[in-house]
Amino acid sequence: MVAFAGCSIALGVSLPSTPSPEYLARLNPEQRAAVETLDGPLLVLAGAGTGKTRVLTTRFAHLLMTGRAQPHQVLAVTFTNKAAREMRERLGAILNRPVEGLWLGTFHALAARMLRRHAELVGLTASFTILDTDDQTRLLKQVMEAEGVDLKRWPPNGLMGIIQRWKDRGLTPDRIPVAESSDYANNRAEKLYAAYQARLIALNACDFGDLLLHVTEILRTNPEVLASYHRLFRYILVDEYQDTNLVQYLWLRLLAQGHKNICCVGDDDQSIYSWRGAEIENILRFERDFPGAQVVRLESNYRSTRPILAAAAGLIARNEGRLGKTLRPGRADASGERVRVVSLWDSEEEARMVGGRIEEARRDGVQLGEIAVLVRAGFQTRAFEERLITLAIPYRVFGGAKFYERAEIRDAIAYFRAMSQPADDLAFERIVNTPKRGLGDTALASLHKLAREQQMPLRIAAERLCQTDALRPRPRAALRELLENLTRWNAGLEKEGHVVIAAQVLEESGYIEMWKNDRSIESAGRLDNLKELVRAMGDFATLGAFLEHIALVMENDDNAEGQKVSIMTLHAAKGLEFDMVFLPGWEEGLFPSQRSLDEGGAKSLEEERRLAYVGITRARKHCVISHAANRRIYGNWVSSIPSRFLDELPEGEVLREGGVTQQPRMPSSVFSAGLPLSSQRRPRVIEAGAWEVDQRPERERAFARGARVFHQKFGYGRVLDVDDDKLEIEFEKAGVKRVLDRFVEPA
DNA sequence: CTATGGAATCTTTTT
DNA sequence: GATTCCATAG
């Protein structure tokens, strides 16, 4: 079997018996129990800030150090790439060397890796393509059109949601229970699902949900494959177990049947992704699912002050369906100020309040990187952005448009996919007439017709079509040239390397030329993005590795340089922590969200409450919750009452400021409160109260062409053109953009 | 085929 | 209020 002692010698560390090694000595007793309970199923209930990641990584290291397993015999699953990376790094730090050959990654990345090994068992080849959401929707739309569904009445996104939820639950088209068949499109959902799946196989492609679905299907129908993984994985580690969906659970359970050494770490109180298919029941049911399971609770919180913990605990105690656990302050300095609840007249006053307090905190020496504004919904960020811009406070909004979602990047990738994957119709379709080659509706229609009749990929059909005279000479020549190029580029991959070919593709296809000729303001930025894309490809050994990366690791590679206030949604904030946290918009309808309540009732209310709990527990020292009586939503003013969650906070732990009946008041209190001169440089009429008619400030500061300006987000630039209050500016870093003049200041 | 305008939509989004 | 998609005209 395995050379137990050999492993630890190979790692260059002596066997830990007594005295216990340093990495264990740093743990508290409960953490230590979680690390040292190695045999059988184990659930670690890790409250917010109780050292979950440390436990997980130490446990992994401990398995290796004690010789219980070789690195490749441990399956370690996370939800995010970030979490996987962190675990890998910290593991390396404990072991004092980089670790290779691990089965450590996200559910999706690990499933993809397994699926590539057994792709043919579900009708795919090892080089299948992973589609992003955009491709998915387009494909589904095509399927629906082919089936004659009225897309007006039945939006594709609705069906996409239904299919995804089926996939989340491990339901292949033939497994949908009769009672489940949705009445979508006159009971055709099931049929459309089957057609969609068939198309995916024909394209040699997978959507995200398929990765887990296919692999689970393979494991459940191929005992010999399952057995091979049982032999391989002696131990299984799972992070964020409360967020697993049913198919992920099934996958884990199949794999754990072998050695039964499965350790799941999670917190039922932080389950906030039910709308994505996560089933909190998975964690609540753990002890029944895995007989003989042990449970360890981590309840010592090392992050937050006592009042913050007490406020969070009081709130979450209102939930019914929970395993129950109480966070204890673990810090020595566990006193601290009470949580503040601030009542305001409207959303703009709320933004001013937050901005003012951030300035105050900055003066008191708080680092901006230690401050966060956490909102329920994306549209709320705007008000804070605008406020921070006028106050000249650097900030960063998380979760904006992603690099790989931009049109030019997706086009470029489509070229690479079309080149290397002849069956990838979606990619081929995307680039066949981009840039314009004169292949219009008529040409594409005959192409589609042939492909459908002959059951062949578009690219092959195109080859055939070129040999006939079905097309007029001009489109035929254009199509032929494209096909020859694709073949030629692909042939050059081996010899030239993918980076050279990539540059060649973009140049020779005329794609670069297309943007050079584009006179819109973004074109310069797009060309830069393409350059960056080609550069980034150099970090990967092969084109395939690169494509896998962008499909599974859609990361925002924005540089986190400098101290900046973080603005993000509550969902995005899970797992993070800050000294000072603002939680604005606690109003009925917004938080808890009305839509969520409408859809999910009491269960959803509990999830919203967990979201509130997540928000409060992000704070280390200061937590400021606020609500406004009036709020601007999508252009119109809406009045609302304070969130019920505010009433649920334990009275003794909070400090309430301002009354709900508060009248609109002049901003003097905020404005003269000793703000730094920089923020007062340009007083704006809008300060006088936003419920009045919009009074645009007179053009006291019209920018002239050629003027040098500064923008909070884009940095320094030069004004190219002026159109009323809109400026066209060439930024040194960000390229040419159109911005409103109130967002820039003279440099 | 492209350009323009009107209408529809707007919670959260680890992969 | 702002963006994005689709239909219609040119």
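The figures here come from the full heavy-atom set of this structure, side chains too, leaving out hydrogens, waters and symmetry mates. Lettering follows sequence order; numbering is per chain, from 1.
With distances taken from any side-chain atom of A:His108 to the nucleotides B:dT15, B:dT14, B:dT12, the minimum falls on B:dT15. Minimum atom distance to the side chain of A:Arg632 is reached by C:dG1, of the listed C:dG1, B:dT15, B:dT12. Distances were taken from every side-chain heavy atom of A:Arg382 (C-beta onward) to each of B:dT15, B:dT12, C:dA2; the shortest belongs to C:dA2. Closest contact between the side chain of A:Tyr634 and the listed nucleotides B:dC10, B:dT15, B:dT13 involves B:dC10. Nearest nucleotide to the A:Phe208 side chain, out of B:dT15, B:dT14, B:dT12: B:dT15. In this structure, the nucleotide among C:dG1, B:dT15, B:dC1 sitting nearest to the side chain of A:Lys436 is B:dC1.
For A:Arg85 and B:dT15, the CZ to P distance is 9 Å, given to the nearest whole Å. As rounded to whole Å, 11 Å separates atom P of B:dT9 from atom CG of A:Asn157. To the nearest angstrom, C1' of B:dT13 lies 13 Å from CD of A:Glu607. Distance, A:Asp168 CG to B:dT15 C1': 11 Å, rounded to whole Å. Nucleotide B:dT15 holds its P atom 13 Å from the CG atom of A:Asp239, rounded to whole Å. One interatomic measurement links the two molecules: CG of A:Leu212 to C1' of B:dT15, which rounds to 10 Å at whole-angstrom precision. A:Gln380 has its CD atom 13 Å from the C1' atom of B:dC10, to the nearest Å. The nearest whole Å value for the distance from the CD atom in A:Gln164 to the P atom in B:dT12 is 16 Å.
Taking the six-membered ring for Trp, A:Trp251 and A:His214 have ring centres at least 6.0 Å apart.
Stacking of A:Trp275 onto the six-membered ring of B:dT12 is present: less than 5.5 angstrom between centres, less than 30° between planes.
By the 4.5 Å heavy-atom criterion applied to side chains, A:Asn245 and A:Arg169 are not counted as neighbours.
Among the protein residues, A:Thr106 comes within range of the sugar-phosphate backbone only, with heavy atoms under 4.0 Å from sugar or phosphate atoms but none that close to a base. Within the 4.0 angstrom heavy-atom criterion, only backbone atoms of the sugar-phosphate kind lie near A:Leu439; the bases stay farther away. Residue A:Glu608 is classed as a base contact, given a heavy-atom separation below 4.0 Å to a base. A:Gly378 comes within contact range of the sugar-phosphate backbone alone, with a heavy-atom separation under 4.0 Å but no base atom that close. Residue contacts shown for A:Gly575 are absent, as no nucleic acid heavy atom lies under 4.0 Å away. A:Tyr273 comes within 4.0 angstrom of a nucleotide base, judged by non-hydrogen atoms across all strands. Using a 4.0 Å heavy-atom cutoff across all strands shown, A:Asp243 reaches at least one base atom of the nucleic acid.
Taking only distance into account, the side chain of A:Arg276 meets the base of B:dT15 through a donor-acceptor pair shorter than 3.5 Å. Side-chain to base pairing of A:Arg376 with B:dT12: one donor and one acceptor N or O lie within less than 3.5 Å of each other.
Distances shown here put every side-chain N or O of A:Asn81 at or beyond 4.0 Å from the OP1 or OP2 atom of B:dT14. Contact check, A:Ser596 against B:dT12: no side-chain N or O comes under 4.0 Å of OP1 or OP2. A sub-4.0 Å separation between OP1 or OP2 of B:dT13 and a side-chain N or O of A:Lys574 is absent.
Toward the 5' end of DNA chain B, the nearer of the two residues A:Glu240 and A:Asn433, judged by each one's closest nucleotide, is A:Asn433.
A:Thr434 and A:Asp411 are not linked by any side-chain donor-acceptor pair at a separation below 3.5 angstrom, with hydrogens and angles left out of the test.
Remark: A:Arg276 does not engage A:Asp243 in a salt bridge, criterion side-chain N to carboxylate O under 4.0 Å. Here A:Glu429 does not pair with A:Arg138 in a salt bridge; the nearest charged N to carboxylate O distance is not below 4.0 Å. Ion pairing between a basic and an acidic side chain is recognised when a charged N comes within 4.0 Å of a carboxylate O; A:Asp268 and A:Arg610 show no such pairing.
Looking at A:Glu587, its side chain does come within 3.5 Å of a backbone N or O of A:Ala628 through a donor-acceptor pair.
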